[in-house]
Amino acid sequence: MQPLQIQNSLTGKKEVFEALNPPNVGMYVCGPTVYSNVHLGNVRTFLSFDIIYRYLEFIGYKVRYVRNITDVGHLVGDADEGEDKIGKMARLQKVEPMEIVQKYTNDFHDVMRVFNILSPSIEPTATGHIIEQITAIEKILDNDYAYEVNGNVYFSVRRFSDDYPYGELSGRKIDELLSNTRDLDGQSEKRDPLDFALWKKADETHLMQWPSPWGMGFPGWHLECSVMSTKYLGNRFDIHGGGMDLKFPHHECEIAQNVAANKVEKTVNYWIHGNMLTVNGRKMAKSEGNGFTPEELITGNHKLLERGYSPMTVRFFMLMGHYGSTLDFSNDALIAAEKGLTKLTKAVETLQKLTPTEKENKNISVSDLSDKCYAAMNDDFNTPVLIASLFEGVKWINSASDGRIELNQDQIDGLKTIYTGFLGNVLGLENEDLNTEKSSGGEDLATNLLDLLVELRTDAKANKDYAGADRIRNTLSDLGVNVTDGKDGSSWSHE
RNA sequence: GGUCCGAUGGCCGAGUGGCUAGGCUCAGCUCUGCAAAAGCUGCUACAGCGGUUCGAAUCCGCUUCGGACCUCCA
């Protein structure tokens with residue numbers, strides 16, 4: 001097994017990854033709240049964990065990857081006083097809340113597929129785990145870390161912090177939190193402003209509600225993740241991930257709930273937080289109005305975009321930065337990514353056609369390159385460094401193709417293993433060009449006609465009829481077919 | 001106001017005590033009928049000011065600027 005190091009948000013240190021139960025790994029990632037379309041910032045987080053999932057599997061772990069769908073209990077505005085986001089949207093659109101849930105869950109899945117983000121092993125929903133959540137609340141009440149007021153149940157942070165640490169993950173101290181908490185004008189039933197809701201009472205007009213020992217109501221947002229992670233991964237598991245913005249209060253509350261319910265102190269060994277996607281240095285967020293939907297990005301239909309970019313370009317762009325750093329989104333960066341990815345994918349195509357030489361090229365070590373790729377990923381999933389290594393191989397491939405250097409069969413096979421493994425399996429960058437060529441058949445009329453045109457042009461060149469040769473090339477270029485002259489004759493490619 | 005993070009060449013973006021990140025752009029060269037592609041070469045940067053050190057972009061301090069969280073957000 002590879003010596004993998006992970007930046008652990010809980011300790012703030014880079015630590016060697018040791019699975020609790022190798023080769024099995026349990027990983028939980030907070031999924032979306034399905035009340036509106038996902039934007040690119042959301043995509044970045046799920047992409048980051050897609051890479052982590054893929055790499056863990058790549059190096060031999062068997063990962064149970066749980067990523068939830070939040071379909072109830074996430075409130076608009078102030079954590080415990082607002083309206084349920086999904087309920088609100090249902091009211092606005094005059095449909096059933098579950099129609100909202102279905103619509104945006106579908107959208108989410110479509111987007112994940114477009115960006116080649118793998119499905120988790122289990123994708124549980126909050127509404128599917130109401131009973132488990134009620135059970136957890138009862139346990140927390142039994143352990144005396146929560147209290148009920150008029151059909152609402154609140155978690156007592158002060159009471160909890162007497163027995164266990166609270167705020168470890170986000171580096172917060174109870175007293176500092178208190179002094180910075182907004183005054184809720186005493187209209188809250190909470191005994192302490194730090195307390196948060198485990199169960200909320202619902203009146204008759206509330207759309208989503210369930211019976212409970214405290215009356216009709218619905219669960220608090222933080223609870224579902226506590227319950228679903230422990231249900232499918234156990235009281236202690238390996239990795240918990242999510243966006244940086246969920247660190248506090250969401251993840252902090254999640255930990256407190258688990259500890260309070262099960263009295264197990266350490267619930268998660270490695271916390272991983274993905275950083276934000278920014279636009280002009282500011283976090284991409286719906287409230288800022290700077291969010292892009294994936295569709296706007298692909299079509300280029302957005303005021304900040306000059307044109308559209310393919311999903312794989314966007315995926316590559318995001319992987320050129322490390323998941324733990326903010327990443328700034330701009331036209332120039334996307335153009336650079338597009339060109340870089342094209343270079344990379346073309347080299348992989350070239351690699352398939354390379355003719356091996358007898359002698360091994362002693363100046364080139366494919367195994368060193370392979371080691372570098374592993375080392376990059378072992379160092380906290382450093383995709384930008386991995387990509388830099390992959391470009392090193394691109395030079396070898398192109399040089400070999402041009403006859404400048406030699407590569408024998410073993411070296412070519414070694415390179416194929418690297419690119420299939422790291423570019424394909426780990427980074428999940430599929431060659432879009434190859435896919436479209438496959439779908440068009442390959443041996444059809446157009447292919448034959450193009451081959452004929454290129455042959456005619458070659459004849460024209462042989463006869464020094466350059467005007468005729470250029471005419472063929474220019475006309476084809478206007479049709480989206482590029483003709484290039486190489487060492488071994490001319491070839492064409494379709495964009 | 002509190003907590004934390006960041007500031008890297010024309011752009012994006014890694015790295016983190018001494019050794020080339022990488023991609024894109026730009027200029028020159030090779031190849032080529034021309035072009036494209038590819039290869040080679042160059043532009044050699046680490047916010048500012050102090051300090052530690054034989055040596056700092058990398059450690060420490062201060063300053064300036066930016067961001068995130070503290071309320072919903074991936």
Side-chain angles (χ1 to χ4, degrees), chain A residues 12 29-33 35-36 38-49 74-82 85 167 170-173 175-177 179-182 184 221 241-250 273-278 281-288 291 316-317 320-322 324-344 346-347 350 372 376 379 382-392 394-395 397-399 401-405 461 464-467 469-470 473-474 477 482-487 491 493:
Chain A
V29 172
C30 291
T33 304
Y35 71 105
S36 64
V38 291
H39 63 67
L40 238 33
N42 307 116
V43 171
R44 186 188 183 202
T45 296
F46 300 123
L47 172 60
S48 297
F49 290 101
H74 200 168
L75 304 184
V76 180
D78 192 302
D80 301 317
E81 305 301 327
K85 285 181 171 176
S170 55
R172 270 159 236 258
K173 295 183 174 57
D175 294 329
E176 286 169 2
L177 280 172
S179 63
N180 288 310
T181 306
R182 278 188 311 182
L184 293 171
W221 173 42
M244 203 76 103
D245 47 1
L246 295 185
K247 209 170 182 182
F248 188 88
H250 183 61
H273 286 97
N275 217 323
M276 300 293 109
L277 185 66
T278 61
R282 291 189 169 273
K283 177 183 170 183
M284 185 179 284
K286 281 169 192 160
S287 54
E288 292 264 347
F316 185 66
F317 157 72
M320 293 220 301
H322 188 256
S325 305
T326 55
L327 178 67
D328 202 59
F329 185 89
S330 67
N331 273 298
D332 288 350
L334 283 164
I335 289 167
E338 186 174 67
K339 293 195 174 173
L341 179 61
T342 302
K343 190 170 168 180
L344 210 41
K346 273 190 175 172
T350 306
K372 274 174 144 178
D379 186 11
N382 199 325
T383 53
V385 170
L386 169 62
I387 289 168
S389 296
L390 293 177
F391 273 108
E392 199 173 318
V394 167
K395 284 192 181 168
I397 293 166
N398 286 328
S399 295
S401 174
D402 290 349
R404 275 188 284 265
I405 66 165
K461 278 171 62 185
K464 295 206 193 295
D465 174 17
Y466 295 123
D470 288 349
R473 185 171 63 191
N474 293 337
S477 176
N482 290 318
V483 178
T484 50
D485 299 338
K487 186 163 66 76
S491 61
S493 60

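Reminder, nothing fancy here: chain letters follow the sequence lines and each chain counts from 1.
Distance from the side chain of A/Phe391 is smallest for B/G22 among the nucleotides B/C69, B/G22, B/C72. Among B/A21, B/C70, B/A74, the nucleotide with an atom closest to any side-chain atom of A/Leu277 is B/A74.
By the 6.0 Å contact criterion, NZ on A/Lys286 is enclosed, its count of non-hydrogen atoms from other residues, nucleotides or ligands being greater than 12.
Between A/Val385 and A/Asp379, the closest side-chain pair of non-hydrogen atoms is not below 4.5 Å. Within the 4.5 Å cutoff, side-chain heavy atoms of A/Asn42 are placed close to those of A/His39.
With C1' as the reference atom, B/A68 and B/C60 are 25 Å apart, rounded to whole Å. Nucleotides B/G17 and B/G13, compared at atom C1', are 22 Å apart to the nearest Å. Distance check on atom P: B/U63 versus B/G1 gives 13 Å, rounded to whole Å. Distance check on atom C1': B/A7 versus B/A36 gives 39 Å, rounded to whole Å. Comparing B/C26 with B/A35, their P atoms sit 16 Å apart, to the nearest whole Å. Rounded to the nearest Å, the gap between the P atom of B/G55 and that of B/C65 is 32 Å. With C1' as the reference atom, B/G15 and B/A45 are 13 Å apart, rounded to whole Å. Using atom P as the reference point in both B/C24 and B/A38, the two lie 8 Å apart (nearest Å).
Residue A/His74 contributes atom NE2, which lies 13 Å from atom P of B/U71 at whole-angstrom precision. One atom, CG of A/Leu390, and another, P of B/G13, lie 20 Å apart when rounded to the nearest Å. As a whole-Å value, the separation of A/His322 NE2 from B/G22 P is 19 Å. At whole-Å resolution of the value, CG in A/Asp245 and C1' in B/U3 are 16 Å apart. With rounding to whole Å, A/Asp379 atom CG is found 13 Å from B/A21 atom C1'. The distance from atom NZ of A/Lys372 to atom P of B/G15 is 16 Å, rounded to the nearest whole Å. As rounded to whole Å, 11 Å separates atom C1' of B/A74 from atom CE of A/Met244. Summarising the geometry, the separation between CG on A/Leu246 and C1' on B/C72 is reported as 10 Å, rounded to the nearest angstrom.
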Intermediate values then yes/no, side-chain contact (heavy atoms from CB on, under 4.5 Å), A/Val483 and A/Ser477: CA-CA 7 Å; A/Val483 178; A/Ser477 176; over 6 Å; no
A/Tyr35 vs A/Val76, side-chain contact (heavy atoms from CB on, under 4.5 Å): CA-CA, chis, key distance, verdict: CA-CA 11 Å; A/Tyr35 71 105; A/Val76 180; over 6 Å; no
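Between B/G15 and A/Asn382, a contact under 4.0 Å exists linking OP1 or OP2 to a side-chain N or O.
Listed by chain and number, the residues in a ring pair (Phe, Tyr, Trp, His ring centres under 6.0 Å) with A/His250 are A/Trp221, A/His222 (sequence neighbours excluded). Take A/Thr33 and apply the side chain to side chain donor-acceptor pair (under 3.5 Å) test, not counting sequence neighbours, and it matches A/His74. A search for ring pair (Phe, Tyr, Trp, His ring centres under 6.0 Å) contacts involving A/Phe46 returns A/Phe108, not counting sequence neighbours. The salt bridge (Lys or Arg N to Asp or Glu O under 4.0 Å) search around A/Glu288 returns none, not counting sequence neighbours. Residues satisfying the side-chain contact (heavy atoms from CB on, under 4.5 Å) test with A/Lys343, not counting sequence neighbours, are A/Phe391, A/Val394. Checked against side-chain contact (heavy atoms from CB on, under 4.5 Å), A/Ser330 has the following partners two or more places apart in sequence or in another chain: A/Asp332, A/Ala333. The salt bridge (Lys or Arg N to Asp or Glu O under 4.0 Å) check on A/Arg473 picks up A/Asp470, with sequence neighbours excluded. Residues passing the salt bridge (Lys or Arg N to Asp or Glu O under 4.0 Å) test with A/Asp402 are A/Arg404, sequence neighbours excluded.
At the heavy-atom level, A/Phe248 lies under 4.0 Å from the strands shown only through sugar-phosphate atoms. Looking at heavy-atom distances under 4.0 Å, A/His250 makes no contact with the nucleic acid at all. Within 4.0 Å of A/Ser325, counting heavy atoms only, lie sugar-phosphate atoms of the nucleic acid but no base atom. No contact: A/Gly274 has no heavy atom under 4.0 Å from any strand.
Looking only at distances, a side-chain donor or acceptor of A/Ser48 sits under 3.5 Å from a matching main-chain atom of A/Arg44. In terms of modelled atom types and a separation under 3.5 Å, the side chain of A/Thr326 and the main chain of A/Leu277 share no donor-acceptor contact.
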Under 3.5 Å between N/O atoms: give me all the protein pairs with nucleotides 65-67 of chain B, atom names plus distance.
unit_1	atom_1	unit_2	atom_2	d
B/G67	OP1	A/Arg282	NE	3.4
B/G67	OP1	A/Arg282	NH2	2.5

Expected rows: protein N/O vs nucleotides 37-46 of chain B N/O, under 3.5 Å:
unit_1	atom_1	unit_2	atom_2	d
B/A38	O3'	A/Asn398	ND2	3.2
B/A38	O2'	A/Asp402	OD2	2.7
B/A38	O2'	A/Arg404	NH2	2.8
B/G39	O4'	A/Arg404	NH2	2.6

Provide a list of protein-nucleic acid N or O atom pairs under 3.5 angstrom, restricted to nucleotides 25-29 of chain B.
unit_1	atom_1	unit_2	atom_2	d
B/U25	OP1	A/Lys339	NZ	2.9

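Here B/C11 sits opposite B/G23 as a Watson-Crick or G-U wobble pair (both hydrogen-bonding atom distances under 3.5 Å). Across all strands shown, B/G67 is found opposite B/C4 as a Watson-Crick or G-U wobble partner, with both distances under 3.5 Å. In this structure, B/C46 forms no base pair with any nucleotide, since neither Watson-Crick nor G-U wobble geometry is met with both distances under 3.5 Å. Pair check for B/C29 finds B/G39; Watson-Crick or G-U wobble, both atom distances under 3.5 Å.
Residues A/Phe46 and A/Ile387 each lie close to RNA chain B; by heavy-atom proximity, the contact nearer the 5' end of the strand is made by A/Ile387.
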Contact pattern, 5' to 3', of nucleotides 6-12 of chain B - B, S or - by protein heavy atom under 4.0 Å: -----SS
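Remark: the A/Arg473 side chain and the B/A36 base include no donor-acceptor N/O pair separated by less than 3.5 Å.
For the atom pair A/Leu327 CG and A/Leu40 CG, the distance stands at 10.0 Å (nearest 0.5 Å).
In this structure, A/Phe317 and A/Asp328 approach most closely via the heavy-atom pair CZ-O, 3.4 Å.
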